[in-house]
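These notes are about the structure you will find just below.
Atoms considered below: every heavy atom in the structure, side chains included; atoms not considered: hydrogens, waters and symmetry mates. Atoms within each ligand, like the ligands themselves, are counted from 1 in listed order. Please read these numbers as outputs of a predicted model, since none were measured by experiment.
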Amino acid sequence: MTGPESEESPVRRAVCPGSFDPITNGHLDIIARASRLYDEVYVAVMINKSKKGLFEIEERIDLIRTVTAEYGNVRVEAFHGLLVDFCKQRDIPAIVKGLRAVSDFDYELQMAQMNNGLSGVETLFVPTNPTYSFLSSSLVKAVAAWGGDFAHLVPPEVLTALTERLRED
Ligand code: ADP
């Protein structure tokens, strides 16, 4: 047979990058949506040596693995350095990012253009589920630290881990 039908379709891969300190329902919503659009989705957890997070990288990875296990096609890895190198090494042509508000746009646009200029990798923006448009890891940590209710903002495993971590501090 000739024509496009005869060609084996390549595996479609994408990456969702971030700090995930810790993963929130906003992150999870983007990862879940990406997992329906792509064959394989990598969650790349950024190692930032100059900024110590509340959770160690391995703890963040464990939490993400637990809460994304049901999707089956999500892989979680740490990365440091350039995201485009992470993409090149794994043959990933697309970065998927959530856009929460106009305030996200300027910086995200710059990064997308820089990454495309560096390596040709594309960035696809997914509009945030309005339920989570105000949500960030730092805001969740702030609410939690002051004893506010954040159970509806994170997966149950994160609720437990964050409550325990703040009790230890
Ligand atoms: P944050 O502290 O803002 O949560 P991250 O670096 O962990 O920072 O976020 C990584 C990426 O995850 C963001 O660039 C964005 O694409 C996506 N993201 C984060 N929070 C949300 C949200 N509430 N809704 C949709 N996407 C989000």
Inset, instruction - Taking only heavy atoms of the protein into account, state which residues are under 4.0 angstrom from an atom of ligand 1, in chain and number order. - result: P17, G18, S19, F20, G26, H27, I30, K97, G98, R100, E108, T128, Y132, L135, S136, S137

Inset, instruction - Compare all side-chain heavy atoms of Y71 with those of L28 and state whether any distance is below 4.5 angstrom. - result: yes

Inset, instruction - Could you check if a side-chain atom of F20 sits within less than 4.5 angstrom of a side-chain atom of H27, using non-hydrogen atoms only? - result: yes

Inset, instruction - Would you mind listing the cluster partners of F79? Hydrophobic ones only (ILVMFWY), side-chain contacts under 4.5 Å, chaining allowed. - result: V15, Y42, M46, L82, L83, V84, F86, I92, I95, M114, L118, V121

Legend entry - N25 side-chain N/O to H152 backbone N/O, donor-acceptor pair under 3.5 Å: yes

Inset, instruction - Any side-chain hydrogen bond (donor to acceptor under 3.5 Å, both in side chains) involving residues 43-52? Give me the pairs, sequence neighbours left out, ordered by first then second residue. - result: N48-S50, K52-E56

Legend entry - Where at least one partner belongs to residues 107-116, residue pairs that pass side-chain hydrogen bond (donor to acceptor under 3.5 Å, both in side chains), sequence neighbours excluded: K97-E108

